[in-house]
Amino acid sequence: MDSVFTDLRPVPPAPHAWPLMGHLVPLVRGPLAFLKSLPVRGALVRVRMGPVPLVVICDPEPTCQALVDDRVFDKGGPVFDRFRDVLGDGLSSCPHPAHRRLRRLAQPAFHPDRLPRYARTMTACIQEVTGSWTPGRTLDVPTEMMSITSRVTAATLFSESLSAAELGQLIGDVKTIAGGVFRRMLLVPPLDRLPTPGNRAHLRARRRLRRTCDLIIAERRADGTDHGDLLSALVAARDLEDGGRGMTDWPFLYGIAQRTGDCRSSVLVTEKPPNERL
């Protein structure tokens, strides 16, 4: 597999590539249908995002190898560069040298003693959304799930730090950012800076969310009180292997915009042996 990744010529290409644009058109028009069509081509399939060649892994074994061996298959290249540009340098997007440090800092936030409070908050958020569902109503499942995820993430992070109006605005900004992540990853500069409605909405939401987060984090740092939420644990976290340095503010912002499940999947489960950790 290593030789395949150093020489892409043996990897079968995906069909229907456009001149200059590669596979950007099918990725934008129907990403799920396009990706579902690739496994019949082989375990590894070569696609192009404009002039940039990429390899899509379509088989469980090499997928596991790429996830576990993060020193060889590090998070880099144009796709991850765009991903970090949109959402920052967090646990699921940072390169290997930074990942270990961020993971150590995130661990205390998921100590078993803190989980019951998170569970109560999550249950309340879920009931708030599902309580509006009525028999016979047609639901947009991805939208409803994003609503639940955004509410859970904001509530478990910020606890009572936000008013109802501020929380609603933050949830809206998270939805705007998360909903446009894939599209902005596919936009190459300078297309991502054109004054389109989508780009303007993303930039407004990003600035407002960053401003809100910076204000709350500054207040928490000055307060020093444990509010029992994720933010309190993250603000207090110190990496003893790195001179007692804590997190910067940007990963906090990334943690909000990222789905809660993605954040948890990156947390180290200390009881497992090293070869089972992701």
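In this chain, residues are counted from 1 in sequence order.
In L20, the CG atom is not crowded: 12 or fewer heavy atoms of neighbouring residues, nucleotides or ligands sit closer than 6.0 Å.
Here the closest heavy-atom approach between residue A17 and residue R48 is recorded as CB-NH2, 3.9 Å. Between A109 and A233 the shortest heavy-atom distance is CA-CB, 3.5 Å. Across all their heavy atoms, S37 and V40 have their closest contact at O-CG2, 3.2 Å. Here the shortest heavy-atom pairing between F34 and V47 reads CZ-CG1, 4.0 Å. The shortest heavy-atom contact between C125 and A155 is SG-CB, 3.8 Å. Here the shortest heavy-atom pairing between F110 and L115 reads O-CD2, 4.1 Å.
Within the model, atoms CG of L27 and CE of M21 stand 10.5 Å from one another, a figure rounded to the nearest 0.5 Å. Put simply, CG on L209 and CG on L170 are 5.0 Å apart, with the number rounded to the nearest 0.5 Å. Taken from CD1 in I216 to CG in L231, the straight-line distance is 7.5 Å, to the nearest 0.5 Å. Expressed to the nearest 0.5 Å, how far OG of S163 lies from CD of E166 amounts to 3.5 Å. Rounding to the nearest 0.5 Å places OG1 of T156 at 4.5 Å from CG of L230. Between atom CD1 of residue I148 and atom CD of residue Q127 there is a gap of 11.0 Å, rounded to the nearest 0.5 Å.
Using a cutoff of 4.0 Å between basic side-chain nitrogens and carboxylate oxygens, D226 and R220 are not scored as salt-bridged.
Counting only heavy atoms from C-beta outward, the side chains of R41 and P15 approach each other to under 4.5 Å. Using a 4.5 Å heavy-atom cutoff, the side chains of R206 and R210 are not in contact. L215 places none of its side-chain heavy atoms less than 4.5 Å from the side chain of R211. At least one side-chain heavy atom of I57 sits less than 4.5 Å from a side-chain heavy atom of L44. Put simply, the side chain of V55 does not reach to within 4.5 Å of the side chain of V45, judged on heavy atoms. Side-chain contact between W18 and L24 is absent, with no heavy-atom pair separated by less than 4.5 Å. For the pair N199 and R193, the minimum side-chain heavy-atom distance is 4.5 Å or more. At a threshold of 4.5 Å between non-hydrogen side-chain atoms, the residues P26 and R29 do not count as touching.
The main-chain N or O of V11 is found under 3.5 Å from a side-chain atom of R46 such that the two form a donor-acceptor pair. A donor-acceptor distance shorter than 3.5 angstrom exists from the side chain of H111 to the backbone of D113, with no hydrogens or angles considered. Judged purely by atom type and a 3.5 angstrom limit, S232 uses its side chain to pair as donor or acceptor with the backbone of H227. Using modelled atom types, one side-chain atom of R200 and one backbone atom of P195 make a donor-acceptor pair closer than 3.5 Å. In this structure, the side chain of H23 engages the main chain of A14 through a donor-acceptor pair within 3.5 Å. Distance alone, capped at 3.5 Å, is enough to place a donor-acceptor pair between the R137 side chain and the S132 backbone.
For T176 and D173, the side-chain atoms include no donor-acceptor pair closer than 3.5 Å. No side-chain donor-acceptor contact under 3.5 Å links E144 and S147.
Cluster annotation: V141 and I126 are assigned to the same hydrophobic cluster (Ile/Leu/Val/Met/Phe/Trp/Tyr, side-chain heavy-atom contacts under 4.5 Å, transitive).
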